[in-house]
Amino acid sequence: WGTEGHFTICKIAQSRLSKAAEDAVKQLLPEYANNDLASVCSWADNVKFRYHWSSALHFIDTPDKLCTYQYNRDCMDEDGVKGRCVAGAINNYTTQLLSYNGASSQSEYNLTEALLFLSHFMGDIHQPLHVGFTSDRGGNTIDVHWYTRKQVLHHVWDSNIIETAEERFYDSNIDGFVDAIEQNITTKWADLVKKWETCSLNKTTCPDIYASEGIKAACDWAYKGVTEDSTLEDEYFNSRLPIVNLRLAQGGVRLAATLNRIFG
Ligand code: DCM
Ligand code: DCM
Ligand code: DCM
Ligand code: ZN
Ligand code: ZN
């Protein structure tokens with residue numbers, strides 16, 4: 001996701017934290033965040049160049065056309081190093097944060113960075129094309145037009161769908177967009193939310209579930225009907241926006257549920 005998507009997911013998440021998780025998050029946030037997780041939710045994108053090892057941790061490449069994901073088969077970087085993908089990173093930073101022992105005690109890890117990475121990667125794993133095909137790099141090599149503008153398909157899903165919705169329906173105001181998703185979470189999706197929060201087998205977080213849903217959504221909605229030089233306009237926007245809204249909601253709900261289990 002671009003900054004708006006990450007902001008939305010972290011806003012939703014922070015509003016759903018337990019008292020214990022809320023306190024821990026406030027302790028761990030850097031001073032400049034002013035207790036606002038959403039304000040630093042894109043930090044991991046800003047440090048890709050400084051922390052070069054981290055750039056492979058934003059996505060997963062799955063085999064072309066298969067539309068399935070398996071951790072052991074797919075979670076690796078371009079050199080084939082196992083665990084270096086967004087699902088592995090979510091597991092890793094969750095484990096690091098489990099060593100949090102209260103405000104005044106020290107961990108062997110930088111838990112501020114762990115919180116910012118986890119919050120960002122929980123968002124990215126919910127972007128369908130961050131669990132896309134290998135040969136097109138998650139839609140990065142597919143040229144399309146977003147209305148009249150040249151774009152790559154990956155960017156349409158990272159940013160354009162969200163920005164167009166914001167402009168058309170919420171007066172270019174991100175808070176209106178977030179409010180609308182939060183409304184759906186407590187009404188239309190209320191029964192589903194309990195399932196989203198649940199993680200099998202007493203696990204703290206379940207990135208393999210999120211990634212499996214992601215490649216399915218990529219095949220069913222992101223790639224579907226799109227070829228090189230396709231023009232994507234109202235029909236694509238109107239039919240895909242509900243999927244983007246759903247994935248942002250799931251990302252926010254699951255980030256909160258994971259943090260609540262970590263600090264609970
Ligand atoms: N990782 C990390 N910090 C660590 C260990 C791992 O950032 N201390 C990253 C790179 C790993 C990925 O997370 O390949 C998944 O880790 P693991 O295989 O331990 O789940
Ligand atoms: N890495 C790490 N922990 C961090 C940041 C970076 O372990 N907080 C690095 C260490 C490794 C790289 O990630 O060089 C890959 O990890 P792994 O060996 O688990 O794949
Ligand atoms: N990306 C991806 N899958 C890949 C490569 C990149 O999902 N195989 C993501 C990471 C960034 C965006 O696509 O969000 C652009 O990547 P880059 O900056 O590497 O072009
Ligand atoms: Zn992206
Ligand atoms: Zn990212």
Side-chain angles (χ1 to χ4, degrees), residues 1-10 13 37-69 71 73-93 113-144 146 150-164 207 210-219 221-223 226 232 240 243-244 247-248 250-252 254-255:
W1 305 111
T3 51
E4 314 276 82
H6 285 291
F7 180 93
T8 299
I9 285 166
C10 282
L37 183 62
S39 72
V40 287
C41 216
S42 290
W43 172 83
D45 281 329
N46 303 332
V47 299
K48 271 186 200 172
F49 304 99
R50 209 183 323 152
Y51 294 162
H52 197 70
W53 50 266
S54 71
S55 62
L57 303 181
H58 293 252
F59 58 85
I60 299 165
D61 284 338
T62 72
D64 292 358
K65 306 276 173 68
L66 227 46
C67 302
T68 62
Y69 157 79
Y71 183 91
R73 184 190 64 195
D74 304 331
C75 187
M76 63 188 76
D77 63 18
E78 284 169 62
D79 302 323
V81 181
K82 298 271 188 194
R84 292 195 39 80
C85 82
V86 66
I90 287 171
N91 285 329
N92 173 54
Y93 291 112
E113 292 195 355
L115 173 66
L116 303 197
F117 275 130
L118 177 64
S119 300
H120 182 93
F121 294 145
M122 188 64 79
D124 275 345
I125 202 170
H126 283 84
Q127 206 282 50
L129 287 177
H130 275 240
V131 194
F133 297 148
T134 304
S135 69
D136 60 44
R137 300 177 61 251
N140 275 295
T141 67
I142 301 177
D143 295 316
V144 298
W146 180 249
K150 274 178 68 114
Q151 201 51 273
V152 298
L153 182 64
H154 186 92
H155 191 268
V156 167
W157 281 78
D158 266 351
S159 302
N160 295 114
I161 295 172
I162 294 172
E163 286 166 6
T164 299
Y210 320 149
S212 295
E213 293 169 355
I215 181 56
K216 183 88 174 31
C219 288
W221 299 101
Y223 288 122
V226 178
L232 309 179
R240 273 56 172 184
I243 310 305
V244 169
R247 294 305 278 166
L248 294 172
Q250 290 176 321
R254 284 162 166 168
L255 174 56

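Please read all numbers here as calculations on a predicted model, not as lab measurements. In listed order, ligands and their atoms are each counted from 1.
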Apply side-chain contact (heavy atoms from CB on, under 4.5 Å) to the pair Trp43 and His120, showing each step before the final yes or no.
CA-CA 8 Å; Trp43 172 83; His120 182 93; over 6 Å; no
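Contact atoms of ligand 3 toward Asp158: 14 (O) (distance under 4.0 Å to a heavy atom of the residue). Those atoms of ligand 3 that come under 4.0 Å of a heavy atom in Lys48, given as number and element, are 11 (C). For ligand 3 and Asp61, the ligand atoms under 4.0 Å from any heavy atom of the residue are 3 (N), 4 (C), 8 (N). Below 4.0 Å from some heavy atom of His154 lie the following atoms of ligand 3, by number and element: 2 (C), 7 (O), 9 (C), 12 (C), 13 (O), 14 (O).
When heavy-atom distances to ligand 3 are checked against a 4.0 Å cut-off, Thr134 has no atom that comes that close, whether in backbone or side chain. Residue contacts with ligand 3 for Leu129 involve N, CA, C or O but no side-chain atom from C-beta outward (heavy atoms, distance under 4.0 Å).
For the Zn ion (ligand 5), the N/O/S atoms of His120 include one lying under 2.8 Å. Because the distance cut-off is set at 2.8 Å, His6 fails to qualify as a neighbour of the Zn ion (ligand 5), as none of its N, O or S atoms comes that close. Residue contacts to the Zn ion (ligand 4): His155 brings no N, O or S atom closer than 2.8 Å.
The pair Arg254-Glu213 counts as a salt bridge, with a side-chain nitrogen and a carboxylate oxygen less than 4.0 angstrom apart.
Ligand 3 has His130 within reach: a non-hydrogen atom of the residue lies less than 4.0 Å from it.
Remark: side-chain polar atoms of His130 are not paired, donor with acceptor, to backbone N or O of His126 under 3.5 angstrom. Between the side chain of Arg247 and the main chain of Gln127, no donor-acceptor pair closer than 3.5 Å is present.
The environment of CH2 in Trp221 is sparse: at most 12 heavy-atom neighbours from other residues, nucleotides or ligands sit within 6.0 Å.
No side-chain donor-acceptor contact under 3.5 Å links Trp1 and Thr8. If you check the side chains of His6 and Asp124, you find a donor sitting under 3.5 Å from an acceptor.
Among the heteroatoms counted here (N, O or S) of Asp124, OD2 is the one nearest to the Zn ion (ligand 5). Among heteroatoms of the N, O or S kind in Asp158, OD2 lies nearest the Zn ion (ligand 4). Distances from the Zn ion (ligand 5) to each N, O or S atom of His58 single out ND1 as the nearest. Its N, O or S atom nearest to the Zn ion (ligand 4) is what matters here, and for His154 that atom is NE2.
Some N or O of Arg137 is nearer than 3.5 Å to an N or O of ligand 3, by distance alone.
Shown here for Gly139 and Tyr223, the closest heavy-atom pair between the two residues is N-OH, 3.7 Å.
Note that CG of Asp74 is 8.5 Å distant from CG of Asp61, once rounded to the nearest 0.5 Å. For the atom pair CZ of Phe121 and CG of Asn91, the computed distance is 12.5 Å after rounding to the nearest 0.5 Å.
The protein heavy-atom contact nearest to atom 6 (C) of ligand 3 is Asn140 ND2, 3.5 Å. Summary of contacts: the protein heavy atom closest to atom 2 (C) of ligand 3 is Phe59 CG, 3.4 Å.
Distances from atom 18 (O) of ligand 3 to the protein include no heavy-atom value under 4.0 Å.
Results of the side-chain contact (heavy atoms from CB on, under 4.5 Å) test with Phe133 over Leu129, Asp136, Val131 single out Asp136 as the only residue that passes.
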